[in-house]
Number of protein chains: 4
Amino acid sequence: MPAATPPGRARSGNRRDEAARLAVLHAADDLLVEHGFGTLTIEAIARRAGVAKQTIYRWWPSKVEILLDTLVEDSAKRLPAGKPTADGVRDHLRAFARFLTADPAGRVLLALLAQAQHDPATAASLHERFLGPRRQRDLDLIAHAVDAGEIAPRLDPDVLVDALTGPIVYRALTGADVTDDLVDALVADLLGVTGRRR
Amino acid sequence: MPAATPPGRARSGNRRDEAARLAVLHAADDLLVEHGFGTLTIEAIARRAGVAKQTIYRWWPSKVEILLDTLVEDSAKRLPAGKPTADGVRDHLRAFARFLTADPAGRVLLALLAQAQHDPATAASLHERFLGPRRQRDLDLIAHAVDAGEIAPRLDPDVLVDALTGPIVYRALTGADVTDDLVDALVADLLGVTGRRR
Amino acid sequence: MPAATPPGRARSGNRRDEAARLAVLHAADDLLVEHGFGTLTIEAIARRAGVAKQTIYRWWPSKVEILLDTLVEDSAKRLPAGKPTADGVRDHLRAFARFLTADPAGRVLLALLAQAQHDPATAASLHERFLGPRRQRDLDLIAHAVDAGEIAPRLDPDVLVDALTGPIVYRALTGADVTDDLVDALVADLLGVTGRRR
Amino acid sequence: MPAATPPGRARSGNRRDEAARLAVLHAADDLLVEHGFGTLTIEAIARRAGVAKQTIYRWWPSKVEILLDTLVEDSAKRLPAGKPTADGVRDHLRAFARFLTADPAGRVLLALLAQAQHDPATAASLHERFLGPRRQRDLDLIAHAVDAGEIAPRLDPDVLVDALTGPIVYRALTGADVTDDLVDALVADLLGVTGRRR
DNA sequence: AAGTAATCGAGACGGTACGTCATGTCTTAGC
DNA sequence: GCTAAGACATGACGTACCGTCTCGATTACTT
């Protein structure tokens, strides 16, 4: 039966095992959500993923990079680019707030932001692979909205991004909830919405 | 010579050794600043402080509580209450920004905020001993300034506190600098300064 | 009851735990006999002894030194000094042959002699702690027997010791048995027994 | 140019590669002499021989068998059969002593004899491929010399072989030197040389 | 003044996880 | 069908800290 699924252990060979890669990412994600970063050890990930420790060390330099991989993949799915309108910016921030507080992948971001305080290498990776690109996208979004005459913020764009993102992240970090009302209030106060949209 | 200082090891006895307590706090602080939270172990603190491990375990339930002790003591010295004027609020935030980015004790706060993401017990302690009291003092300060007619914010006080604190903390967390200009811009945009000021 | 055995866990403190020391020695001995040197790992010894790995590393630099400890202690019990007579030398060698082939501690000696081929450090330790002293005792025994006129070997003492020990060890190493008859034949041929004997 | 030596990697095909076989044997031999048995790993042999690990596993069941191959090939070259005279036996033993102490292949024999203590499979292979045949040749040599009236040993041939071989091997195992004088003394004392010699 | 109690430095203990290495099995792909 | 290359599960290595414990010395409060 040439086309049948090979019985038992059937992958492996000379090339990277995609199944193992995914098993590691999912195991890391699950363990983080279930037991927190503190007990998230390489050994536990390996056990949970049914993968050898060495397979993890072969492909990832640290558990932080595993989490970054999951963050980058998950955030790409869950955080689509916003439209350059006042509503678009508001929805973009609402989605980010929900991501941080309700999505497992948001827990990953908070954990990495935390770990970055303890470890410069984590800080560098996090900036390069997530924070930097995201900030650039936010800046672009705002610039486009300004160009379109949708918003007229009084603050410098570089400050504005942090004035919007900072409170949301800070609330998430301190365990407070981040409601749509809160996001809307920030948007209303900082964006200088023009025209018909209140 | 019966009254002479005994050579070598000389105190100890029935009461808590204040010198040991201070040695532990300073050792923890120093090690955090020098090598980061990652390598901050109880054993390293004990070594650096010249104290037995058990002496630490007798008085502190975890290294987090050691850091909280240093944070509470240091922040009381470095973060005096602000005056309920527009300038007072501005200075208060400027001092907080400087504390976070330039003061060793600020590094402790960032480390604890980070650790709180990994460990609920840290989160609880940090709220109870630092974040809660500080937020209350911020709310009081703002309320007094509003009562005095110094400021007229459009945002709800509870949101306002995070709108001011959040960006500062977020910048510190991401390693960006927090200039007086940035603080001033936030203050100007969010506080609705009245009267002679601006 | 002041003389009673302390209840529960009663050892430890800042002094070495004799129970742990013995547990390690016995575990090593047992595992060697049961499964051989190849599977004798520090981890297995720790598991079997119910002891932490670090406790082993604290006191022994390698598994070889553990075995040497058991060898030295056991051989002292099982290999009493012989009397400086022709019969004494014969009994001494018979006991050694039995030790090598039938006694678990003899297995330890063969394993160490083997390991010494693979590792110079083992060779050095084995000489210092066992082979050297034993050779000296053999030389003394022979010298006394010669002085007493009990034996009159034609070979130089230094050669004689190896001429007697070598065949016994070699037979043990190659898995052959070492009978009393074989020992007696060697003794008869090499010792030049004098006087009333034979 | 079809007949030219292909550049770079060039042989292979569907027959066993003799060059690879020799490379493995030499690599094993070299590594044993250079770094000892302890660091002699399959991976190291493969690296040194410039051969894939699997190529080794395909042809040899263990590193012991690799060494046995080198031992059998080398000892055939370096240990010619002795002549059935008193001098022949003496020269035979002198050559064996030199083989053990000075020849790399002798180191291989000692290593295998050692490994045989740790592993019954090694013991079996070593007996079958080296020790057994060699013992038989020794017995034959002695029997012929006795028949020829060259020697008249008092010991049983089976004991005699070990009485001659044992001390030499034992000295080699314990790192002592094995001089011609020592061999000659043993021969003189055990062989009962007759006739014109001595 | 003797006894009691809590402190301290020291460090051994049973554990868990670390990151590295070698094992022997397997697959891919070139010749 | 052989080869080199190398991914994989397994498991031991020796190290670092964990948090608990026992020790012996020291010093203060009790009677």
Side-chain angles (χ1 to χ4, degrees), chain A residues 6 9-17 19-21 39-44 46 49-59 61-63, chain B residues 6 8-17 19-20 39-47 49-59 61-63, chain C residues 6 8-17 19-21 39-46 49-59 61-63, chain D residues 6 8-17 19-20 39-46 50-59 61-63:
Chain A
R9 184 154 156 291
R11 20 94 271 89
S12 173
N14 195 356
R15 281 220 148 11
R16 178 164 189 181
D17 184 346
R21 186 185 141 264
T39 58
L40 182 67
T41 66
I42 299 274
E43 304 229 321
V51 139
K53 219 174 17 157
Q54 187 56 36
T55 297
I56 296 183
Y57 282 108
R58 190 172 5 254
W59 298 109
S62 70
K63 66 181 174 182
Chain B
R9 184 157 155 285
R11 21 83 280 84
S12 165
N14 197 0
R15 276 215 147 19
R16 177 162 189 183
D17 185 346
T39 59
L40 182 66
T41 67
I42 299 275
E43 304 228 322
I45 296 173
R47 270 196 301 271
V51 140
K53 222 177 13 160
Q54 186 56 32
T55 298
I56 297 182
Y57 281 107
R58 195 181 348 263
W59 299 107
S62 71
K63 67 181 173 182
Chain C
R9 183 154 157 292
R11 19 99 270 90
S12 176
N14 91 26
R15 279 220 151 13
R16 180 166 188 179
D17 185 346
R21 186 184 141 265
T39 58
L40 182 65
T41 66
I42 300 274
E43 303 229 322
I45 296 173
V51 138
K53 219 177 10 162
Q54 187 56 38
T55 297
I56 297 182
Y57 283 108
R58 191 172 3 252
W59 298 108
S62 70
K63 66 181 176 181
Chain D
R9 180 158 156 287
R11 21 81 276 89
S12 165
N14 81 14
R15 278 234 147 4
R16 176 163 189 184
D17 184 345
T39 58
L40 183 66
T41 66
I42 300 274
E43 304 231 322
I45 297 173
V51 141
K53 224 177 11 160
Q54 188 54 30
T55 299
I56 297 181
Y57 281 107
R58 195 180 345 267
W59 297 108
S62 70
K63 65 183 174 182

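Chain letters run A, B, ... following the sequence lines, proteins first and then strands; every chain starts at 1.
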**Request:** Give a yes/no answer on whether the side chain of B/Arg58 brings an N or O atom under 4.0 Å of OP1 or OP2 in E/dC8.
**Result:** yes

**Spacing of C/Ile56 atom CD1 relative to E/dA12 atom P, expressed in whole Å** = 15 Å

**Request:** Measure the spacing between CZ of B/Arg47 and OG1 of B/Thr41 and express it to the nearest 0.5 Å.
**Result:** 5.5 Å

Could you run down the sub-3.5 Å N/O contacts of the protein with nucleotides 17-19 of chain E?
{"residue": "E/dC18", "atom": "OP1", "partner": "A/Ile42", "partner atom": "N", "Å": "2.7"}
{"residue": "E/dC18", "atom": "OP2", "partner": "A/Ile42", "partner atom": "N", "Å": "3.3"}
{"residue": "E/dC18", "atom": "OP2", "partner": "A/Glu43", "partner atom": "N", "Å": "2.8"}
{"residue": "E/dG19", "atom": "OP2", "partner": "A/Tyr57", "partner atom": "OH", "Å": "2.6"}
{"residue": "E/dG19", "atom": "O5'", "partner": "A/Tyr57", "partner atom": "OH", "Å": "3.4"}
{"residue": "E/dG19", "atom": "N7", "partner": "A/Lys53", "partner atom": "NZ", "Å": "3.0"}
{"residue": "E/dG19", "atom": "O6", "partner": "A/Lys53", "partner atom": "NZ", "Å": "2.8"}

**Prompt:** Closest heavy-atom contact between B/Ile56 and B/Ile42?
**Reply:** CD1-O, 4.0 Å

**Message:** Tell me the interatomic distance from C/Ile45, atom CD1, to F/dC13, atom C1', rounded to whole angstroms.
**Reply:** 13 Å

**Message:** Quick check on F/dC8: is either OP1 or OP2 less than 4.0 Å from any side-chain nitrogen or oxygen of A/Trp59?
**Reply:** yes

**Request:** Work out which heavy atom in D/Ala46 is nearest to a heavy atom in D/Ala52; give both atom names and the distance.
**Result:** CB-C, 4.3 Å

**Item:** Interatomic distance where CZ belongs to A/Arg16 and P belongs to E/dT28 [whole Å]
**Value:** 17 Å

**Asked** Over how many whole Å does the gap from D/Gln54 atom CD to E/dT27 atom P extend?
**Response** 11 Å

**Complete:** Ranking F/dA16, F/dA7, E/dC8 by distance to the side chain of B/Ala20, first place goes to E/dC8

**Message:** Is the terminal nitrogen or CZ of C/Arg21 (NZ for Lys, CZ for Arg) located under 6.0 angstrom from the six-membered ring centre of C/Trp59 and within 45° of that ring's axis?
**Reply:** no

**Message:** Any side-chain N or O of A/Thr55 below 4.0 angstrom from OP1/OP2 of F/dA9?
**Reply:** yes

**Message:** Going by the rule salt bridge (charged side-chain N to carboxylate O under 4.0 Å, His left out), which residues pair with A/Lys53 if we only count those two or more places apart in sequence or in a different chain?
**Reply:** A/Glu43

